[in-house]
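First up is the structure itself, then whatever we jot down about it.
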Amino acid sequence: MDNKFPGKDISLDDLKSKIPLCAKKNIKHKSIVKVRNVEFGGNKIPFLAGPNTVENYKMIGKVGKFLKSIKISGLRGGAFKPLTFPYRSKKYYETKLDGLRWLKETKNKYGLIATTEIMELKYLDDICHSTDIIQIGSRNMQNYPLLTECAKTQMPIMLKRHYGSSLRDWLGAAEYILAEGNKNVILCERGVSVPHTHRSSSRFLMDLQVIPAVQEICHLPIISDPSHATFWAPWVESMTLASIAAGADGILIEVHPDPKNAAVDPLQPLNFNQFKTLIQKSKKVAKSINKKIV
Ligand code: PEP
Ligand code: MN
């Protein structure tokens, strides 16, 4: 097969026969995924910010109120959490249906859009009724029955990249969602596994280059998650600004009222002041490329 496309990973033939729905139909074609009044893929850059875990109502309420006060549109928070090891301490709990209820009440109270991760199909209905974007976590990127069932709801879906997957695998997974007639797919880069990560506690490396790589061949919006990629709050600001400069269509980021006491991954969330500063800087970078932070 003649492969004139730059790079070896995705061939011209793949674009035609394996990921035809992901592929750009022509140079200009780019999709906008609309989530209520918030658009991903246009000239606005929505932030989805919040804790790793919806720990309790008071805490998620604080985050919601804060986001509203600085005009940020999106709230994130997990009620179901994949943990690398099966043992949960008193701090490492899942709030499940309670967490979904708190998320819903908070997003409604402050007029935010919200996203949460799905782990099991049995909670699909509850998640659809409590949030606006279904998050498929990196670990489930290739769980095809889960992708297909989520796709059928026609809800917007944020598909995180598995940390070991190529762009070809990732777009193959996105194609499963598009193949169900659901065009509301948002890709999310969250760092990949590599032999060296510059710091012993960070397991992943942010693949900034994948942002233009996706945009070259695929019409779907792509957002960036610097929190999971760096696993280290002091690096989150620079990687967020770099993601915006690289063309990211949105940012998923961990923000916690009291990071050192976060139930999960206390090293990665920003506190409210750090996040405020980051938003001010992000606005400047966005302005330089004619985009706007929302
Ligand atoms: C998350 O966003 O909370 C999460 C678990 O992310 P990932 O699937 O990328 O590890
Ligand atoms: Mn997390």
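Reckoned from all heavy atoms, side chains included, excluding hydrogens, waters and symmetry mates. Atoms within each ligand, like the ligands themselves, are counted from 1 in listed order.
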Compute the shortest N/O to N/O distance between Glu254 and ligand 1 and return yes if it is under 3.5 Å, no if not.
no
Are the charged groups of Glu39 and Lys44 less than 4.0 angstrom apart, N to O?
no
Report, in ascending order of atom number, the atoms of ligand 1 lying under 4.0 Å from any heavy atom of Arg190.
7 (P), 9 (O), 10 (O)
Just by distance, no angles: are the side chains of Arg199 and Ser201 close enough, under 3.5 Å, to form a donor-acceptor pair?
yes
For the 3.5 Å polar cut-off, considering only N or O atoms, please tell me whether Asp225 and ligand 1 meet it.
no
Quick one, Leu252 and Arg76 - any side-chain contact, counting heavy atoms below 4.5 Å?
yes
Look only at interatomic distance and state if Asn52 has a nitrogen or oxygen under 3.5 Å from any nitrogen or oxygen of ligand 1.
no
Can we say Lys18 and Glu175 salt-bridge, meaning some charged N sits less than 4.0 Å from an Asp/Glu carboxylate O?
no
I'd like to know if the side chain of Asn182 pairs up with that of Lys152 as donor and acceptor (distance under 3.5 Å, no hydrogens or angles considered).
no
Can you label the angle between the Tyr163 ring and the Phe204 ring as parallel, tilted or perpendicular, going by 30° and 60°?
tilted
Quick note on ligand 1: atoms under 4.0 Å from a heavy atom of Glu117 include exactly 4 (C), 5 (C)
Closer than 4.0 Å to some heavy atom of His228 - which atoms of ligand 1 meet that?
1 (C), 2 (O), 3 (O), 4 (C), 5 (C), 6 (O), 10 (O)
Against heavy atoms of Lys81, which atoms of ligand 1 measure under 4.0 Å?
1 (C), 3 (O), 5 (C)
Output field: ring centroids Tyr123/Phe80 closer than 6.0 Å
yes
Gln135 heavy atom under 4.0 Å from ligand 1
yes
Out of all atoms in ligand 1, which are within 4.0 Å of some heavy atom of Gly137? Include the element for each.
8 (O)
